[in-house]
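Since the model is a prediction, treat every value here as computed from it, not as a measurement.
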Amino acid sequence: KIMKKFLTILFAGLLLTSCQSKESSSSQKSKEINVYTALENEQIPVFLENFKKHHPDIKLNITRDSTGVLITKILAEKDNPQADVVWGTAATGLLMLDKENLLKPYAPKGLEKVDPKFKDSAEEPVWVGNNAWMATFAVNKTELEKLGLPIPRTYEDLLNPGYKELISMPHPASSGTGFLAIAGFMQVMGEKEAWEYMEKLHENMGVYTHSGSKPAKQAASGEYPIGISYDYPSVKLMNEGNPIEVVFPAEGSGWDSEANALINKKDIKEESKIFLDWAISEEMMKLYGTQYAITSIDINNPIPNGYPSDPVSHLVKNDFKWLAENKNTILDKWSEKFGAKAEQK
(Lines give C-alpha, C1' and ligand atoms only; values in the text may rest on other atoms or scores of the structure.)
Protein backbone atom coordinates (compact mmCIF):
# COMPACT_ATOMS: atom_id res chain seq x y z
CA LYS A 1 0.00 0.00 0.00
CA ILE A 2 2.84 2.40 0.87
CA MET A 3 4.55 1.60 -2.44
CA LYS A 4 1.27 2.13 -4.35
CA LYS A 5 0.73 5.50 -2.61
CA PHE A 6 4.34 6.49 -3.38
CA LEU A 7 3.95 5.62 -7.08
CA THR A 8 0.66 7.57 -7.26
CA ILE A 9 2.32 10.67 -5.75
CA LEU A 10 5.34 10.25 -8.05
CA PHE A 11 3.11 9.93 -11.14
CA ALA A 12 1.04 12.97 -10.12
CA GLY A 13 4.26 14.95 -9.62
CA LEU A 14 5.59 13.97 -13.04
CA LEU A 15 2.26 14.86 -14.64
CA LEU A 16 2.26 18.29 -12.95
CA THR A 17 5.87 18.94 -14.01
CA SER A 18 5.02 17.92 -17.58
CA CYS A 19 1.98 20.24 -17.65
CA GLN A 20 4.01 23.12 -16.22
CA SER A 21 6.74 22.49 -18.77
CA LYS A 22 4.22 22.50 -21.65
CA GLU A 23 2.56 25.62 -20.26
CA SER A 24 5.94 27.32 -19.92
CA SER A 25 6.89 26.28 -23.45
CA SER A 26 3.55 27.51 -24.81
CA SER A 27 3.86 30.79 -22.89
CA GLN A 28 7.41 31.24 -24.18
CA LYS A 29 6.21 30.64 -27.75
CA SER A 30 3.42 33.20 -27.47
CA LYS A 31 6.00 35.79 -26.35
CA GLU A 32 7.90 35.36 -29.58
CA ILE A 33 7.06 37.21 -32.80
CA ASN A 34 8.50 37.26 -36.31
CA VAL A 35 9.32 40.76 -37.54
CA TYR A 36 10.07 41.48 -41.21
CA THR A 37 11.90 44.77 -41.81
CA ALA A 38 13.65 46.75 -44.55
CA LEU A 39 15.48 49.04 -42.12
CA GLU A 40 19.25 49.22 -42.60
CA ASN A 41 21.31 46.56 -40.80
CA GLU A 42 23.14 49.10 -38.66
CA GLN A 43 19.88 50.77 -37.52
CA ILE A 44 18.12 47.63 -36.26
CA PRO A 45 20.23 46.90 -33.11
CA VAL A 46 20.14 50.59 -32.10
CA PHE A 47 16.33 50.64 -32.29
CA LEU A 48 15.79 47.21 -30.74
CA GLU A 49 17.85 48.08 -27.69
CA ASN A 50 14.95 50.39 -26.75
CA PHE A 51 12.39 47.60 -27.25
CA LYS A 52 14.36 45.19 -25.05
CA LYS A 53 14.52 47.83 -22.33
CA HIS A 54 10.71 48.00 -22.19
CA HIS A 55 9.81 44.40 -23.12
CA PRO A 56 12.65 42.06 -22.08
CA ASP A 57 10.26 39.08 -22.04
CA ILE A 58 9.32 39.30 -25.76
CA LYS A 59 11.66 37.58 -28.22
CA LEU A 60 11.88 39.14 -31.69
CA ASN A 61 12.93 37.04 -34.67
CA ILE A 62 14.13 39.58 -37.24
CA THR A 63 14.15 38.97 -41.01
CA ARG A 64 15.86 41.84 -42.83
CA ASP A 65 15.83 42.45 -46.59
CA SER A 66 15.01 45.17 -49.10
CA THR A 67 11.35 46.14 -49.55
CA GLY A 68 10.86 44.37 -52.90
CA VAL A 69 12.28 41.09 -51.59
CA LEU A 70 10.21 41.24 -48.37
CA ILE A 71 6.95 41.99 -50.18
CA THR A 72 7.59 39.11 -52.60
CA LYS A 73 8.34 36.81 -49.63
CA ILE A 74 5.13 37.76 -47.79
CA LEU A 75 3.08 37.24 -50.96
CA ALA A 76 4.69 33.82 -51.43
CA GLU A 77 3.78 32.91 -47.82
CA LYS A 78 0.17 34.12 -48.12
CA ASP A 79 -1.35 30.64 -47.51
CA ASN A 80 0.78 30.16 -44.40
CA PRO A 81 1.97 33.59 -43.16
CA GLN A 82 5.27 33.46 -41.28
CA ALA A 83 5.62 37.14 -40.32
CA ASP A 84 3.61 38.62 -37.45
CA VAL A 85 4.41 42.27 -38.17
CA VAL A 86 6.18 44.32 -40.82
CA TRP A 87 8.32 47.18 -39.52
CA GLY A 88 9.98 50.08 -41.34
CA THR A 89 9.04 48.98 -44.85
CA ALA A 90 7.81 51.11 -47.77
CA ALA A 91 4.14 52.10 -47.50
CA THR A 92 3.71 51.53 -51.25
CA GLY A 93 4.87 47.93 -50.74
CA LEU A 94 2.50 47.42 -47.80
CA LEU A 95 -0.42 48.64 -49.92
CA MET A 96 0.33 45.82 -52.38
CA LEU A 97 -0.09 43.37 -49.47
CA ASP A 98 -3.34 45.06 -48.49
CA LYS A 99 -4.71 44.42 -51.99
CA GLU A 100 -4.26 40.71 -51.27
CA ASN A 101 -5.96 41.02 -47.86
CA LEU A 102 -2.69 40.17 -46.10
CA LEU A 103 -2.83 43.06 -43.62
CA LYS A 104 -5.07 43.41 -40.57
CA PRO A 105 -6.11 46.99 -39.67
CA TYR A 106 -4.80 48.12 -36.31
CA ALA A 107 -4.76 51.52 -34.61
CA PRO A 108 -1.61 51.67 -32.43
CA LYS A 109 -1.47 53.82 -29.31
CA GLY A 110 -0.55 57.41 -30.20
CA LEU A 111 -2.00 57.18 -33.72
CA GLU A 112 -3.79 60.54 -33.34
CA LYS A 113 -0.38 62.28 -33.19
CA VAL A 114 0.79 60.90 -36.56
CA ASP A 115 0.80 63.38 -39.47
CA PRO A 116 -1.97 62.26 -41.90
CA LYS A 117 0.57 62.22 -44.78
CA PHE A 118 2.34 59.35 -43.06
CA LYS A 119 -0.52 56.94 -42.33
CA ASP A 120 -3.37 55.14 -44.04
CA SER A 121 -6.48 57.36 -44.12
CA ALA A 122 -8.84 54.75 -42.59
CA GLU A 123 -9.85 55.20 -38.94
CA GLU A 124 -8.30 51.84 -38.24
CA PRO A 125 -5.28 51.99 -40.60
CA VAL A 126 -3.54 49.11 -42.35
CA TRP A 127 -0.21 51.00 -42.29
CA VAL A 128 1.33 53.65 -40.07
CA GLY A 129 4.62 55.39 -40.93
CA ASN A 130 7.61 56.07 -38.70
CA ASN A 131 9.30 58.61 -40.94
CA ALA A 132 9.74 59.70 -44.54
CA TRP A 133 12.76 58.84 -46.61
CA MET A 134 13.52 60.70 -49.80
CA ALA A 135 15.51 60.38 -53.01
CA THR A 136 18.87 62.14 -53.14
CA PHE A 137 21.98 62.16 -55.31
CA ALA A 138 25.21 61.24 -53.55
CA VAL A 139 27.94 62.85 -55.64
CA ASN A 140 31.68 62.25 -55.33
CA LYS A 141 33.10 65.78 -55.68
CA THR A 142 36.73 64.62 -56.05
CA GLU A 143 35.98 62.20 -58.91
CA LEU A 144 33.83 64.68 -60.84
CA GLU A 145 36.48 67.39 -60.40
CA LYS A 146 39.10 65.03 -61.89
CA LEU A 147 36.80 64.48 -64.88
CA GLY A 148 36.04 68.19 -65.19
CA LEU A 149 32.31 67.57 -64.71
CA PRO A 150 29.80 69.68 -62.74
CA ILE A 151 27.75 68.46 -59.76
CA PRO A 152 24.19 67.62 -60.94
CA ARG A 153 21.50 69.67 -59.16
CA THR A 154 18.39 68.61 -61.07
CA TYR A 155 16.96 65.49 -62.73
CA GLU A 156 17.65 67.13 -66.09
CA ASP A 157 21.32 67.58 -65.14
CA LEU A 158 21.70 63.79 -64.84
CA LEU A 159 21.27 63.53 -68.62
CA ASN A 160 24.63 65.29 -69.24
CA PRO A 161 26.41 63.04 -71.82
CA GLY A 162 29.60 63.42 -69.75
CA TYR A 163 28.03 61.22 -67.08
CA LYS A 164 27.84 58.17 -69.39
CA GLU A 165 28.11 55.03 -67.23
CA LEU A 166 29.02 57.10 -64.15
CA ILE A 167 25.62 56.78 -62.42
CA SER A 168 24.18 53.98 -60.31
CA MET A 169 20.69 53.69 -58.85
CA PRO A 170 18.65 50.97 -57.13
CA HIS A 171 16.58 48.50 -59.16
CA PRO A 172 12.95 49.47 -58.41
CA ALA A 173 11.71 45.86 -58.35
CA SER A 174 14.23 44.97 -55.62
CA SER A 175 14.42 48.18 -53.66
CA GLY A 176 11.84 50.55 -52.21
CA THR A 177 14.33 53.37 -52.81
CA GLY A 178 14.52 52.49 -56.50
CA PHE A 179 10.74 52.59 -56.76
CA LEU A 180 10.38 55.89 -54.90
CA ALA A 181 12.99 57.40 -57.28
CA ILE A 182 11.04 56.47 -60.43
CA ALA A 183 7.73 57.31 -58.71
CA GLY A 184 9.26 60.74 -58.06
CA PHE A 185 10.04 61.14 -61.77
CA MET A 186 6.41 60.32 -62.59
CA GLN A 187 4.92 62.65 -60.01
CA VAL A 188 7.20 65.54 -61.09
CA MET A 189 7.13 65.05 -64.88
CA GLY A 190 3.98 63.07 -65.65
CA GLU A 191 3.96 59.40 -66.59
CA LYS A 192 4.68 59.65 -70.35
CA GLU A 193 7.46 62.21 -69.91
CA ALA A 194 8.99 60.15 -67.09
CA TRP A 195 9.34 57.09 -69.35
CA GLU A 196 11.02 59.24 -72.01
CA TYR A 197 13.30 60.69 -69.34
CA MET A 198 14.26 57.24 -67.99
CA GLU A 199 15.23 56.07 -71.47
CA LYS A 200 17.70 58.96 -71.71
CA LEU A 201 18.91 58.42 -68.12
CA HIS A 202 19.50 54.73 -68.92
CA GLU A 203 22.23 55.80 -71.38
CA ASN A 204 24.22 57.26 -68.47
CA MET A 205 23.53 54.38 -66.08
CA GLY A 206 26.42 52.13 -65.08
CA VAL A 207 24.41 49.67 -62.97
CA TYR A 208 21.10 49.13 -61.18
CA THR A 209 21.80 47.77 -57.69
CA HIS A 210 19.56 45.59 -55.51
CA SER A 211 20.06 47.80 -52.45
CA GLY A 212 18.83 51.34 -51.84
CA SER A 213 21.93 52.40 -49.93
CA LYS A 214 24.51 50.81 -52.25
CA PRO A 215 24.62 53.66 -54.84
CA ALA A 216 25.52 56.11 -52.05
CA LYS A 217 28.32 53.76 -50.95
CA GLN A 218 29.51 53.40 -54.56
CA ALA A 219 29.58 57.19 -54.90
CA ALA A 220 31.61 57.49 -51.68
CA SER A 221 34.18 54.94 -52.93
CA GLY A 222 34.27 56.51 -56.42
CA GLU A 223 33.17 53.28 -58.14
CA TYR A 224 30.21 55.18 -59.63
CA PRO A 225 30.67 58.87 -58.78
CA ILE A 226 26.93 59.67 -58.89
CA GLY A 227 24.56 57.52 -56.86
CA ILE A 228 20.79 57.98 -56.89
CA SER A 229 20.05 56.81 -53.36
CA TYR A 230 18.21 58.17 -50.34
CA ASP A 231 18.84 60.61 -47.54
CA TYR A 232 19.93 58.43 -44.59
CA PRO A 233 22.99 56.63 -46.07
CA SER A 234 23.95 59.61 -48.26
CA VAL A 235 24.01 62.10 -45.36
CA LYS A 236 25.66 59.56 -43.02
CA LEU A 237 28.50 58.89 -45.48
CA MET A 238 29.02 62.62 -46.02
CA ASN A 239 29.11 63.30 -42.26
CA GLU A 240 31.65 60.47 -41.83
CA GLY A 241 34.06 62.48 -43.99
CA ASN A 242 33.65 60.86 -47.41
CA PRO A 243 34.24 63.26 -50.35
CA ILE A 244 30.57 63.42 -51.33
CA GLU A 245 27.97 66.12 -51.58
CA VAL A 246 24.33 65.21 -50.97
CA VAL A 247 22.00 66.81 -53.49
CA PHE A 248 18.26 67.12 -52.90
CA PRO A 249 17.02 67.59 -56.50
CA ALA A 250 15.60 71.05 -57.18
CA GLU A 251 12.36 69.65 -58.68
CA GLY A 252 11.55 67.80 -55.45
CA SER A 253 12.36 64.37 -54.06
CA GLY A 254 10.37 61.21 -54.58
CA TRP A 255 9.65 59.76 -51.15
CA ASP A 256 7.99 56.98 -49.23
CA SER A 257 7.22 56.29 -45.60
CA GLU A 258 8.98 53.56 -43.63
CA ALA A 259 5.84 52.03 -42.24
CA ASN A 260 4.55 49.27 -39.98
CA ALA A 261 1.68 46.83 -40.36
CA LEU A 262 0.01 43.83 -38.72
CA ILE A 263 -0.07 40.64 -40.79
CA ASN A 264 -3.55 39.16 -41.22
CA LYS A 265 -3.36 35.60 -39.86
CA LYS A 266 -5.45 33.27 -37.70
CA ASP A 267 -3.25 33.58 -34.64
CA ILE A 268 -2.65 37.30 -34.01
CA LYS A 269 -0.52 37.60 -30.90
CA GLU A 270 -0.95 40.39 -28.36
CA GLU A 271 2.83 40.88 -28.55
CA SER A 272 2.44 41.98 -32.20
CA LYS A 273 0.22 44.86 -31.10
CA ILE A 274 2.62 45.72 -28.27
CA PHE A 275 5.39 45.92 -30.88
CA LEU A 276 3.35 48.21 -33.17
CA ASP A 277 2.47 50.50 -30.23
CA TRP A 278 6.16 50.71 -29.34
CA ALA A 279 7.17 51.41 -32.96
CA ILE A 280 5.46 54.84 -32.94
CA SER A 281 6.12 55.71 -29.28
CA GLU A 282 7.65 59.07 -28.38
CA GLU A 283 10.98 57.46 -27.46
CA MET A 284 11.14 55.75 -30.85
CA MET A 285 10.26 58.95 -32.69
CA LYS A 286 13.24 60.58 -30.98
CA LEU A 287 15.43 57.67 -32.08
CA TYR A 288 14.14 57.85 -35.69
CA GLY A 289 14.84 61.58 -35.48
CA THR A 290 18.55 60.87 -34.96
CA GLN A 291 18.61 59.15 -38.37
CA TYR A 292 15.98 60.98 -40.42
CA ALA A 293 15.01 64.63 -40.84
CA ILE A 294 11.29 63.83 -41.12
CA THR A 295 9.46 61.79 -38.48
CA SER A 296 5.76 60.92 -38.72
CA ILE A 297 5.09 62.60 -35.35
CA ASP A 298 6.50 66.11 -34.98
CA ILE A 299 8.98 65.98 -32.10
CA ASN A 300 10.70 69.29 -32.89
CA ASN A 301 13.93 67.43 -33.52
CA PRO A 302 16.84 69.46 -34.91
CA ILE A 303 17.40 68.93 -38.65
CA PRO A 304 20.49 66.71 -39.01
CA ASN A 305 23.55 68.23 -40.70
CA GLY A 306 23.41 67.80 -44.48
CA TYR A 307 19.66 68.38 -44.96
CA PRO A 308 17.91 71.46 -46.34
CA SER A 309 16.38 73.70 -43.66
CA ASP A 310 12.82 72.60 -44.55
CA PRO A 311 13.08 69.00 -45.81
CA VAL A 312 9.28 68.47 -45.89
CA SER A 313 9.03 71.14 -48.60
CA HIS A 314 11.25 68.95 -50.83
CA LEU A 315 8.76 66.05 -50.83
CA VAL A 316 6.82 65.70 -54.08
CA LYS A 317 3.07 65.21 -53.78
CA ASN A 318 2.63 61.45 -53.53
CA ASP A 319 -0.44 59.50 -54.57
CA PHE A 320 0.24 56.28 -52.63
CA LYS A 321 -2.97 54.62 -53.81
CA TRP A 322 -2.21 55.20 -57.49
CA LEU A 323 1.38 54.04 -57.03
CA ALA A 324 0.27 50.82 -55.29
CA GLU A 325 -2.38 50.06 -57.92
CA ASN A 326 0.06 50.59 -60.79
CA LYS A 327 3.24 49.32 -59.17
CA ASN A 328 3.33 45.88 -60.83
CA THR A 329 2.63 47.33 -64.29
CA ILE A 330 5.31 49.99 -63.82
CA LEU A 331 7.87 47.46 -62.56
CA ASP A 332 7.20 44.97 -65.38
CA LYS A 333 7.62 47.69 -68.00
CA TRP A 334 10.72 49.08 -66.28
CA SER A 335 12.37 45.62 -65.98
CA GLU A 336 11.69 44.87 -69.65
CA LYS A 337 13.17 48.20 -70.79
CA PHE A 338 16.11 48.63 -68.43
CA GLY A 339 16.73 45.37 -66.54
CA ALA A 340 19.75 44.41 -68.71
CA LYS A 341 21.96 46.71 -66.59
CA ALA A 342 20.91 45.14 -63.27
CA GLU A 343 23.79 43.87 -61.12
CA GLN A 344 24.10 40.12 -60.65
CA LYS A 345 22.36 38.86 -57.49
Side-chain angles (χ1 to χ4, degrees), residues 31-55 58-78 81-98 102-104 106 108 114 118-120 125-134 170 173-180 210-214 229-233 236 255-265 268-269 271-281 283-292 294-296:
K31 288 192 175 291
E32 195 172 307
I33 58 170
N34 297 329
V35 179
Y36 285 12
T37 183
L39 291 168
E40 293 293 333
N41 278 317
E42 66 267 23
Q43 294 175 317
I44 295 168
V46 177
F47 294 159
L48 290 188
E49 197 177 316
N50 183 274
F51 184 83
K52 284 172 191 163
K53 184 175 84 175
H54 292 289
H55 306 286
I58 299 175
K59 185 185 176 200
L60 304 177
N61 302 313
I62 303 291
T63 297
R64 192 272 156 197
D65 219 314
S66 58
T67 290
V69 175
L70 283 184
I71 299 303
T72 302
K73 182 173 170 61
I74 295 167
L75 287 167
E77 294 168 352
K78 65 186 292 186
Q82 298 301 300
D84 292 296
V85 297
V86 188
W87 173 44
T89 300
T92 46
L94 296 182
L95 282 167
M96 293 177 75
L97 299 180
D98 187 43
L102 290 172
L103 301 182
K104 180 88 173 168
Y106 176 64
V114 174
F118 308 128
K119 64 180 177 182
D120 177 28
V126 292
W127 67 271
V128 178
N130 303 322
N131 52 61
W133 93 98
M134 55 208 290
S174 306
S175 158
T177 303
F179 185 68
L180 74 82
H210 296 294
S211 152
S213 56
K214 191 169 182 179
S229 185
Y230 72 103
D231 50 336
Y232 165 72
K236 182 172 183 283
W255 65 280
D256 208 327
S257 183
E258 286 189 327
N260 318 315
L262 184 62
I263 294 290
N264 189 10
K265 56 199 294 190
I268 291 179
K269 298 171 185 171
E271 287 76 19
S272 300
K273 295 178 179 180
I274 289 169
F275 182 89
L276 293 172
D277 292 347
W278 163 83
I280 63 159
S281 64
E283 280 184 38
M284 278 313 295
M285 285 296 150
K286 285 179 180 167
L287 269 178
Y288 299 140
T290 64
Q291 317 269 314
Y292 297 94
I294 303 168
T295 52
S296 59

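- For W127, the ring pair (Phe, Tyr, Trp, His ring centres under 6.0 Å) partners at least two apart in sequence or on another chain are F320.
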N/O donor-acceptor pairs under 3.5 Å from side chains in residues 85-95, not counting sequence neighbours:
unit_1: W87; atom_1: NE1; unit_2: Y288; atom_2: OH; d: 3.3
unit_1: T89; atom_1: OG1; unit_2: A38; atom_2: N; d: 3.3
unit_1: T89; atom_1: OG1; unit_2: W87; atom_2: O; d: 3.2
unit_1: T92; atom_1: OG1; unit_2: D256; atom_2: OD2; d: 2.5

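- Of the inter-residue distances, the one linking S272 atom OG with D84 atom CG reads 4.0 Å to the nearest 0.5 angstrom.
- For Y232, the ring pair (Phe, Tyr, Trp, His ring centres under 6.0 Å) criterion is met by Y292, not counting sequence neighbours.
- Side-chain N or O atoms of S213 include none that pairs as donor or acceptor with a backbone N or O of P233 at under 3.5 Å.
- Contact of the L180 side chain with the M134 side chain is not registered, since no non-hydrogen atoms from C-beta on lie closer than 4.5 Å.
- To the nearest 0.5 angstrom, T37 atom OG1 is 8.5 Å from Q43 atom CD.
- Counting only residues at least two apart or in different chains, salt bridge (Lys or Arg N to Asp or Glu O under 4.0 Å) contacts with residues 40-55 comprise K53-E283.
- Put simply, CE on M284 and CH2 on W278 are 4.0 Å apart, with the number rounded to the nearest 0.5 Å.
- Ring pair F51/F275 is tilted by interplanar angle, where 30° to 60° counts as tilted.
- With sequence neighbours left out, the salt bridge (Lys or Arg N to Asp or Glu O under 4.0 Å) criterion links K236 to E240.
- Summarising the geometry, atom CD belonging to Q82 is positioned 11.0 Å from atom CG belonging to N61; distances are rounded to the nearest 0.5 Å.
- Judged by distance alone, with hydrogens and angles left aside, the side-chain atoms of S296 form no donor-acceptor pair with the main-chain N or O of F118 at under 3.5 Å.
- T63 is not listed as a side-chain neighbour of N34, based on a closest heavy-atom distance of 4.5 Å or more.
- Side-chain contact check for L39 versus R64: every heavy-atom pair is 4.5 Å or farther apart.
- Atom NZ of K214 is separated from atom OG of S66 by 12.0 Å, given to the nearest 0.5 angstrom.
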Checklist entry - Checking side-chain contact (heavy atoms from CB on, under 4.5 Å) for the pair I274/I33: CA distance, chi angles, key distance, verdict? => result CA-CA 11 Å; I274 289 169; I33 58 170; over 6 Å; no
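- Considering OG of S211 and CG of D65, their distance stands at 10.0 Å, rounded to 0.5 Å.
- Within 6.0 Å of NZ in K265 there are more than 12 heavy atoms belonging to other residues, nucleotides or ligands.
- No side-chain heavy atom of I58 sits less than 4.5 Å from a side-chain heavy atom of E32.
- Under the 4.5 Å side-chain criterion, counting only non-hydrogen atoms from C-beta, N50 is in contact with L287.
- Contact record, N260 with A279: ND2-CB, 3.5 Å, taken as the closest heavy-atom pair.
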Check: residues 67-76 side-chain donor-acceptor pairs under 3.5 Å, at least two apart:
unit_1: T72; atom_1: OG1; unit_2: G68; atom_2: O; d: 2.8
unit_1: K73; atom_1: NZ; unit_2: E77; atom_2: OE2; d: 3.0

Next on the checklist: Working note: N131 + Q291, criterion side-chain contact (heavy atoms from CB on, under 4.5 Å); need CA distance, chi angles, decisive distance, verdict.
Outcome noted: CA-CA 10 Å; N131 52 61; Q291 317 269 314; over 6 Å; no
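- With N130 contributing its side chain and A259 its backbone, the two residues share no donor-acceptor pair below 3.5 Å.
- For the residue pair D277 and Y106, a side-chain donor N or O sits within less than 3.5 Å of a side-chain acceptor on the partner.
- Taking all atoms of both residues into account, the shortest heavy-atom contact from S257 to G129 is OG-CA, 3.2 Å.
- With contacts defined as side-chain heavy-atom distances shorter than 4.5 Å, the pair L103/I263 qualifies.
- Using a 4.5 Å heavy-atom cutoff, the side chains of V128 and P108 are in contact.
- Checking side-chain atoms of K31 against main-chain N and O of E271 turns up no donor-acceptor pair under 3.5 Å.
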